[in-house]
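Note that the numbering runs from 1 along the sequence shown for the chain. Remember, it's a predicted structure, so these values are computed and weren't measured experimentally.
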Amino acid sequence: MKESAETPSFKPSAASVSRGLREAQQMIDTEEYRRAAEVFQSLLQQMPSVPMEGKWQRVWEQVHIGLTRCYQALGSATAAIPYLREAIKMQPGSEKLRCMLATSYAQERQFTRALRALEQGISHGCDGPLVHHCLAEIYLQQQKIDEAIAECRRSLEQDQKQESVYQLLSEAYAQKSQPEEAIAALRGALAANPKNTRYYLRIAEIHRNQGEIAQAISVLREARRRKPRSADIREFLVECLQEAGEVDGVIQESEAALKIAPKSLFLLDMLAFARLQKGEIDGAIGTLRAALKVSPGDTMNRFKVAALHHQKGELLQAREEYRRILSLDHEGNFRQEVSEALLTIDQAQMQQVFMLSAENATFRVKLRRDIDATLAEYGFRMSDPAIATLKAMVIEGLLDGALPRFSGMVH
């Protein structure tokens with residue numbers, strides 16, 4: 001019997017088709033969407049324009065769905081739509097295909113067509129949870145909040161384990177300014193997937209935005225117990241504890257979290273601040289130095305270290321840190337503050353030199369003989385302008401027995 005001109009005699013082998021589908025899928029997995037689309041197009045060209053029955057019909061559908069995924073990933077929902085429409089002709093009762101078509105329309109802001117595609121699907125028996133989920137997403141994109149909530153409810157009536165629907169429902173309630181309902185929906189998502197700690201973070205965030213900081217802390221501690229190595233959870237917990245004024249809690253949680261994430265600058269900063277609040281200056285300095293090991297160019301933390309040494313009267317350490325800031329602070333953000341601090345340190349050391357000179361004859365004699373060596377021997381570290389001023393005073397005999405007044409110098 002002679003074959004009609006409309007039906008090609010060539011049929012691709014099952015092996016070649018299987019190999020082509022596998023290669024294209026691997027390309028999709030590695031996000032090589034253009035190459036995958038080329039393979040799918042090649043397979044499509046090998047097949048009849050009217051799909052064959054049986055396994056070939058399934059292959060024809062897979063090729064069209066694969067092309068749809070490629071074009072959607074490439075940001076061309078318009079190119080994906082024709083392939084979806086062809087696939088739906090073969091499986092008019094496919095929820096998945098109907099939802100993919102509606103989503104493609106929605107991506108092009110063609111919401112009327114998107115809703116019509118789903119309504120047509122319902123008329124063909126596609127009335128499952130996936131369709132109602134898709135309807136909810138499209139309604140939410142249109143800011144039709146009540147309709148989105150209703151569709152989420154219909155979807156969950158058919159399948160209560162859909163965490164993505166609970167998440168969508170929570171978003172809808174949040175947009176409607178109903179935080180309690182949003183939290184309840186997120187609890188539903190947690191029931192569906194207790195391992196997804198992202199929901200804990202969102203619940204805590206809602207509590208915090210409502211001013212319910214204690215509830216946020218409680219939720220985050222529950223999340224920490226479930227996932228103790230999550231840096232996001234521990235950092236948010238520390239932040240909430242600090243906001244609540246629980247200084248001891250901040251210290252305890254920060255120290256525990258830093259064992260997991262020792263290079264977290266956020267945790268180090270929070271711990272340093274908490275230790276300062278407790279009056280633990282040495283502890284704060286140690287924590288800030290740990291932060292500087294992670295980020296040596298952080299002039300703000302280095303300025304804090306210098307200021308704390310200055311506050312403790314450890315002028316040599318303070319001066320060293322201030323000088324490092326000047327070499328790192330290329331934009332000059334701290335130049336004025338550092339210059340003023342260095343001037344203060346010079347003035348303090350100069351006063352000490354005056355007092356020693358007035359009270360200690362040995363020091364006075366050594367100072368006249370070799371100023372640089374004497375200052376180094378007694379642990380003084382001054383700027384070049386300060387030393388120059390001191391040398392001039394020695395030459396003029398201003399340090400012989402009297403306690404001069406020192407008004408400072410300009411750096």
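With T374 contributing its side chain and K366 its backbone, the two residues share a donor-acceptor pair below 3.5 Å. In this structure, S170 contributes its side chain and A182 its backbone to a donor-acceptor pair below 3.5 Å. The closest donor-acceptor contact from the side chain of S155 to the backbone of C152 lies at 3.5 Å or more, if one exists at all. Formation of a donor-acceptor pair under 3.5 Å by the T287 side chain with backbone atoms of G283 is found in this model. Side-chain atoms of S327 come within 3.5 Å of backbone atoms of R324 as a donor-acceptor pair (strictly under, hydrogens ignored). In terms of modelled atom types and a separation under 3.5 Å, the side chain of S357 and the main chain of V353 share no donor-acceptor contact. Here the side chain of Q162 pairs a donor or acceptor atom with the backbone of D159 at under 3.5 angstrom. At distances below 3.5 Å, not a single donor-acceptor pair connects side-chain atoms of Q110 with backbone N or O atoms of A102. Side-chain atoms of T30 come within 3.5 Å of backbone N or O of M27 as a donor-acceptor pair.
Using modelled atom types and a 3.5 Å distance limit, the side chains of H309 and Q317 yield no donor-acceptor pair. Under the 3.5 Å distance criterion, with hydrogens and angles disregarded, a donor-acceptor pair is assigned to the side chains of Y200 and R226. Side-chain N/O atoms of H207 and Q215 include no donor and acceptor closer than 3.5 Å.
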Residues L271, V238; criterion side-chain contact (heavy atoms from CB on, under 4.5 Å); working and verdict
CA-CA 9 Å; L271 179 57; V238 168; over 6 Å; no

Take D29 and Q25, measure what side chain to side chain donor-acceptor pair (under 3.5 Å) needs, and give me the verdict at the end.
CA-CA 6 Å; D29 293 340; Q25 184 57 57; 3.1 Å; yes

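E38 and R35 are not joined by a salt bridge, as no carboxylate oxygen comes within less than 4.0 angstrom of a charged side-chain nitrogen. In summary, E255 and R275 engage in a salt bridge, as defined by a charged side-chain N under 4.0 Å from a carboxylate O. A salt bridge is absent between K176 and E181; no separation between the charged side-chain nitrogens and carboxylate oxygens falls under 4.0 Å. Salt-bridge formation is not detected for the pair E108/R113: no Lys NZ or Arg NE/NH1/NH2 atom is positioned less than 4.0 Å from an Asp or Glu carboxylate oxygen. Note on E321 versus R289: salt bridge recorded, some NZ/NE/NH1/NH2 to OD/OE distance being below 4.0 Å. A salt bridge links R154 with E151: at least one charged nitrogen is closer than 4.0 Å to a carboxylate oxygen. Using a 4.0 Å cut-off between charged nitrogen and carboxylate oxygen, E280 and K278 do not count as a salt-bridge pair. Salt bridge status for R187 with E163: absent, with no side-chain N to carboxylate O gap under 4.0 Å.
Ring centroids of Y105 and F111 are separated by 6.0 Å or more, keeping the two rings apart.
Atom CG of L201 is separated from atom CZ of R208 by 11.5 Å, given to the nearest 0.5 angstrom. Of the inter-residue distances, the one linking I345 atom CD1 with M350 atom CE reads 13.5 Å to the nearest 0.5 angstrom. Between the CD1 atom in I183 and the CD atom in E205 there is a gap of 11.0 Å [rounded to 0.5 Å].
The minimum heavy-atom distance linking I233 with R224 is given by the pair CG2-N, 3.7 Å. Residues F236 and A204 share a closest heavy-atom pair of CE2-CB, 3.9 Å. Pairing each heavy atom of L268 with each of A291, the nearest pair is CD1-CA, 3.6 Å. Heavy atoms only, all atoms of each residue included: L342 and R319 are closest at CD2-CG, 3.7 Å.
Looking at L288 and L308, their side chains come closer than 4.5 Å, going by heavy atoms from C-beta outward.
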